[in-house]
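Each chain gets a letter, A, B and so on, in the order its sequence line appears, and its residues count up from 1. All values below come from the heavy atoms of this structure, side chains included, with hydrogens, waters and symmetry mates left out. Please read these numbers as outputs of a predicted model, since none were measured by experiment.
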Amino acid sequence: MAHWLLKSEPSTWSWNDQVKADAKGTAWDGVRNHLAKKHLMAMKRGERAFFYHSGEDKRIVGVVEVIGEYRPDPGDRTASFGMVDVKAVGPLPVPVTLALCKAEKSLANMVLLRNSRLSVQPVTDAEWAVVCRLGAMKPA
DNA sequence: GCCAACGTTGGC
DNA sequence: GCCAACGTTGGC
């Protein structure tokens, strides 16, 4: 199973909002970048993603699970972008800051560090395990 | 608030 | 098809 990272500006959509959406989850919509779209299309039901707060927070705060695979985003007037559905799984017991990721040599190639602007990113199994360890969470 | 990185747009 | 201009993102 592949792993992912989804970025969100907390003033727009925060981890708290995601938790409130509960098991029903929400559409991860609004993506308007072709590389991000490619990743969204590759996401399979049951796969998990880190939830990252950009802006003020700059840390990985939780884990979400894909509950609905890629489908058209009705908010996209060009009808060329889509979205997936995700639900909150749980918070990282210890949020993993961007600064900590930068300090961790084994995460040097993480997309979060290499291409911070990409809003939907793949995470390797090794990176997933490291971030889980830093976040005091059992990998799953 | 600034600026670097990146994607998109539009003129040629 | 190239590239300059521009807008947006996001870290600092």
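Near-neighbour residues of DNA chain B inside residues 28-38 of chain A, defined by a heavy atom below 4.0 Å, number-ordered: A:Asn33, A:His34.
If you check every strand for non-hydrogen atoms under 4.0 Å, A:Leu118 touches nothing.
Residues that satisfy the ring-ring contact (aromatic ring centres under 6.0 Å, His included) test with A:Tyr52, not counting sequence neighbours, are absent from this structure. With sequence neighbours left out, A:Glu47 forms a salt bridge (Lys or Arg N to Asp or Glu O under 4.0 Å) with no residue at all. The ring-ring contact (aromatic ring centres under 6.0 Å, His included) test applied to A:Phe81 returns A:His34, not counting sequence neighbours.
Aromatic ring pairs are classed by plane angle as parallel below 30°, tilted from 30° to 60° and perpendicular above 60°; the pair A:Trp4 and A:His39 is tilted.
The closest side-chain heavy-atom distance from A:Phe51 to A:Ser8 is below 4.5 Å. Here the side chains of A:Val120 and A:Met43 are in contact, with some heavy-atom distance below 4.5 Å.
Reading DNA chain B from its 5' end, the first and the last nucleotide to sit under 4.0 Å from a heavy atom of chain A are B:dA5 to B:dT8.
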What pairs of donor and acceptor atoms, side-chain ones from residues 107-114 of chain A against any protein atom, are under 3.5 angstrom apart with sequence neighbours left out?
| unit_1 | atom_1 | unit_2 | atom_2 | d |
| --- | --- | --- | --- | --- |
| A:Asn109 | OD1 | A:Arg114 | NH2 | 2.4 |
| A:Arg114 | NE | A:Ala108 | O | 3.4 |

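Here the side chain of A:Ser54 pairs no donor or acceptor atom with the backbone of A:Lys7 at under 3.5 angstrom.
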